[in-house]
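One structure is given here, and the rest of the page talks about it.
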Amino acid sequence: MNPTNKLKIFNDPIYGFITIPNSLIYDLIQHPYFQRLRRISQMGMSYLVYPGAHHTRFHHALGCMHIMQKAVQTLRFKGVEISNEEENALYIAILLHDIGHGPFSHAMEHSIVEDVHHEEISLFFMNALNQEFNGELSLAIQIFKGEYHRKFMLQLISSQLDMDRMDYLKRDSFYSGVAEGNINSDRLIQMMNVQDDVLVIEEKGIFSVEKFLVARRLMYWQAYLHKTSVVAELTLTKILKRAKELTQKGIQLSCSEPLSFFLNNKISSDDFTDEILKTFALLDDYDVMGAIKTWQFNDDFVLSSLSKMIINRDLLKIVMLDEKVDLEKLNNFKTQFAAMHNLSDKDVSYFVFKGKLKNQAYNKESEPISILKKDKTVENIVDSSDQLQVRALSKAVTKYFICFPKVLLEV
């Protein structure tokens, strides 16, 4: 194939045209492992709250690569030396940073692929692709793992102000319609620089950083931690847990072969062979939703009831609280619902449960967002900002919740 045919462009609703920089990136995008991201939603169950939130991880990965191209351009313009090999490695690392996400990733990590984090699976995918592409991803993997000597390169991929966050805030805000999440990524990128191998934002970009942190906090409360999104994701987690529990007892559940494999087997990081990776790569949203559509008619009361809740968007009631949940109230709900349906203690906890949510827009303890002052000194944004806003955003806010079937409100 003629390499010039590979220099395609994508039309993106956020940034306009996204160009593929070279034929290696094109071949990675064309790979089945990457194409699978077209079938994995970026915002999980959020479409039950915001009907437009149907964009995919494929969209997001391309967007991240696009703004990484802008960041490299800006840094070079300011005299930061980035070789062609490093540039390419940055594009590959950001393009593949989320490749390990499964369908409804966080729900899966807490149910059927329990012991393996998506970042580990991303690395398994990268290593498998590196073998296939004769070692051309080696530098990208080194940067992704934080083993490359130029620290700022990892910060572009994973930090409190990285390309990943910049894209998903802007993109999720656009598709969900939550306007408060919209950020000016162009301005933030134009303000980037590198000082002593650390990624910094020039002082005049400080208000853009504040806006970014506020947008992040609001997106968490309005979208990612929206109570309906939370209860939907928890219900999905419980469906998968119940399916695994039944399968382990020898009950055959109708579902696709890849999903059946993960229901039947307990997989840890050490077990992740190339064959298992190939099976994982066959899993996407369609496997899970297809199974849930079937399971709503299952004989098991727990599995069928929870599945119907997702399919018909008739979810559990979730009540948000500032204080910890009253255990007496929780146990009363459990007793009432258990009596209604003759359920064991274990089974009733699929329907009545408590939890907590934490929202922290800026973490003072982890690597700071650094501001480059006019006198070339660097300081933490918390100290640079003349507003109390960033200090307030550094405080973790915890909210508690209780979930229970709506029928208990009528009792």
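Numbers here simply count residues along the sequence, with the first being 1.
Here the options are V325, L330, V319, I318, the test is side-chain contact (heavy atoms from CB on, under 4.5 Å), and the partner is C403; only I318 passes. Among F333, F337, F351, the one residue that satisfies the ring pair (Phe, Tyr, Trp, His ring centres under 6.0 Å) test with F404 is F333.
Seen from the ring of F353, K238 counts as a face-on cation partner, given the 6.0 Å and 45° thresholds.
Neither side chain, Y33 nor E132, offers a donor N or O lying under 3.5 Å from an acceptor on the other. In summary, the side chains of D12 and H66 do not present any donor paired with an acceptor at a separation below 3.5 Å, with no hydrogens or angles considered. With 3.5 Å as the limit, one finds a donor-acceptor pair spanning the side chains of E86 and Y148. Counting only N and O atoms by type, the side chains of D172 and Y224 include a donor and acceptor under 3.5 Å apart.
Using cut-offs of 30° and 60° for the angle between ring planes, the F10 and F58 rings count as perpendicular. Ring-plane geometry between H101 and H118 is classed as parallel, the angle between the planes falling under 30 degrees on a 0 to 90 degree scale with a further cut at 60. Below 30°, between 30° and 60°, or above 60°: for H59 and Y175 the angle between ring planes is between 30° and 60°, a tilted geometry. Between F125 and F280, the two ring planes are tilted [angle within 30° to 60°].
For the pair R242 and D347, the salt-bridge criterion is met [side-chain N within less than 4.0 Å of a carboxylate O].
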